[in-house]
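Encoded as structure tokens, the structure appears first; notes follow it.
Just so it is clear: chains get the letters A, B, ... in the order the sequence lines come, proteins before strands, and each one is counted from 1.
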Protein chains: 2
Amino acid sequence: MIGQKIRELREENDFLLRQLAAKLDIDTAQLSKMERGERFFKKEEIIEISRILKADKQELLTIWLADKIYKTIKDEEYVFSALKLVEQKLQ
Amino acid sequence: MIGQKIRELREENDFLLRQLAAKLDIDTAQLSKMERGERFFKKEEIIEISRILKADKQELLTIWLADKIYKTIKDEEYVFSALKLVEQKLQ
DNA sequence: TTAGACTTGACAAATTTTGTCAAACTTATA
DNA sequence: TATAAGTTTGACAAAATTTGTCAAGTCTAA
């Protein structure tokens, strides 16, 4: 989800994988995997990408965090009640 | 949170740490840390505990999952909008 | 004061995640 | 078709995180 979003932004900005990877100082294969959701972006990378691709940092970080949450719950039961509990705790 | 709940259940059932630890086949120190939230329970351990302490398995697993979610978001920004995104995705 | 219950800290072991590279695949085009 | 550029894949090493173990420590009740 965040990967797909970043791929869209990258293509809109006419960056090649290796160009964006170079700016982030990571391997092209790594970025390829990240965009396809096989590996995770670091928070700092998301912030850097929002700068490079002139995107809304808050939006990207929100999607990035949603991905992390989704990853921890995706194979679980009682997801909705757990989310409700979390929200209560956060109030 | 799940640790606290389990400690309460354990004490209500008059189990010592080492007794419950023995039933779970883990180290007493480990269970001590788990009850105080320093380490995580495995899902299987929660299920086993619900059996041993005659507690509601669904309730315990829900709290356990809420803890996992909470752990991934607790130091982050944009938590509420991320949770909202996750809920949308789950619909 | 000592015995039992629990906690703490250090470190090893195990597991998970990330980084790196070469080779393979895909697509556009000469 | 052949080639080149871009991307993907898989294997494996390296790094990071989590878990397991033990000995020593604290705390409390008798």
Side-chain angles (χ1 to χ4, degrees), chain A residues 1-50 52-53 60-61 63-76 82 86, chain B residues 1-50 52-53 60-61 63-76 82 86:
Chain A
M1 195 175 174
I2 185 63
Q4 175 187 327
K5 177 77 182 175
I6 284 169
R7 172 153 294 188
E8 285 165 9
L9 287 168
R10 176 173 64 77
E11 291 175 343
E12 281 168 16
N13 284 263
D14 290 312
F15 275 72
L16 297 176
L17 262 186
R18 77 175 135 72
Q19 294 172 323
L20 182 55
K23 294 227 183 205
L24 296 172
D25 192 28
I26 62 178
D27 191 275
T28 300
Q30 189 85 308
L31 182 56
S32 168
K33 286 168 186 165
M34 286 165 162
E35 285 188 351
R36 286 170 303 106
E38 275 188 34
R39 300 216 179 159
F40 267 86
F41 288 93
K42 293 193 180 108
K43 187 176 184 180
E44 289 315 312
E45 290 166 343
I46 298 294
I47 293 169
E48 185 67 2
I49 286 169
S50 76
I52 296 169
L53 302 180
L60 294 188
L61 285 174
I63 299 172
W64 170 80
L65 182 55
D67 265 19
K68 291 222 299 185
I69 297 168
Y70 187 75
K71 182 190 177 195
T72 90
I73 67 178
K74 67 175 188 305
D75 299 319
E76 295 296 342
V86 171
Chain B
M1 196 172 173
I2 185 61
Q4 176 187 326
K5 176 76 182 175
I6 284 169
R7 173 154 292 189
E8 286 165 14
L9 286 168
R10 175 173 64 77
E11 291 176 342
E12 281 168 16
N13 283 263
D14 290 313
F15 275 71
L16 297 177
L17 260 188
R18 79 175 134 74
Q19 294 173 323
L20 182 55
K23 294 228 183 205
L24 296 172
D25 192 28
I26 63 178
D27 192 274
T28 301
Q30 189 84 309
L31 182 55
S32 168
K33 285 169 186 165
M34 287 165 162
E35 284 188 351
R36 287 171 300 105
E38 275 187 35
R39 300 215 179 159
F40 267 84
F41 288 91
K42 293 192 180 110
K43 187 176 183 179
E44 289 315 312
E45 291 166 342
I46 298 294
I47 293 169
E48 185 68 3
I49 286 170
S50 76
I52 296 169
L53 302 180
L60 294 188
L61 285 175
I63 299 173
W64 170 79
L65 181 55
D67 265 18
K68 290 222 300 186
I69 297 167
Y70 186 76
K71 182 191 176 198
T72 89
I73 67 179
K74 66 174 188 305
D75 298 320
E76 295 296 342
V86 171

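- Put simply, CG on B:Leu17 is 16 Å from P on D:dT28, counting in whole angstrom units.
- With distances taken from any side-chain atom of B:Lys42 to the nucleotides C:dT8, C:dA5, D:dG20, the minimum falls on D:dG20.
- Neither OP1 nor OP2 of D:dT19 sits under 4.0 Å from any side-chain N or O of B:Gln30.
- Nearest heavy-atom pair across A:Phe40 and A:Glu45 is O-OE1, 4.4 Å.
- The main-chain N or O of B:Leu16 is found under 3.5 Å from a side-chain atom of B:Gln19 such that the two form a donor-acceptor pair.
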Next item on the list: Test salt bridge (Lys or Arg N to Asp or Glu O under 4.0 Å) on B:Arg36 and B:Glu38 and set out the steps.
Entry: CA-CA 6 Å; B:Arg36 287 171 300 105; B:Glu38 275 187 35; 3.2 Å; yes
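- The distance from atom CG of B:Asp25 to atom P of D:dT19 is 16 Å, rounded to the nearest whole Å.
- Rounded to whole Å, the distance from NZ on A:Lys71 to P on C:dT16 is 11 Å.
- The distance from atom CG of B:Asp27 to atom C1' of D:dT18 is 15 Å, rounded to the nearest whole Å.
- With rounding to whole Å, A:Arg39 atom CZ is found 7 Å from C:dG19 atom C1'.
- Between B:Ser32 and the phosphate of C:dC6, there is no side-chain N or O to OP1/OP2 separation shorter than 4.0 Å.
- For the pair B:Ile26 CD1 and D:dT21 P, the interatomic distance rounds to 10 Å; values are reported in whole Å.
- Between B:Leu65 and A:Thr72, the shortest heavy-atom contact is CD1-O, 4.1 Å.
- Looking at B:Lys33, its side chain has no donor and acceptor atom pair within 3.5 Å of the base of D:dG20.
- Atom CG in B:Leu16 sits roughly 17 Å away from atom P in D:dT28 (whole-Å rounding).
- Here the CG-CD distance, from A:Leu17 to A:Glu35, works out to 5.0 Å after rounding to the nearest 0.5 Å.
- Comparing A:Glu45 and B:Arg10 against DNA chain C, the residue whose closest nucleotide sits nearer the 5' end is B:Arg10.
- Distance A:Glu38 CD to C:dT18 P: 12 Å, rounded to the nearest Å.
- Comparing C:dC21, C:dG4, D:dT7 by their closest approach to the side chain of A:Ala29 singles out C:dC21.
- Residue A:Arg7 places none of its side-chain N or O atoms closer than 4.0 Å to OP1 or OP2 of D:dT7.
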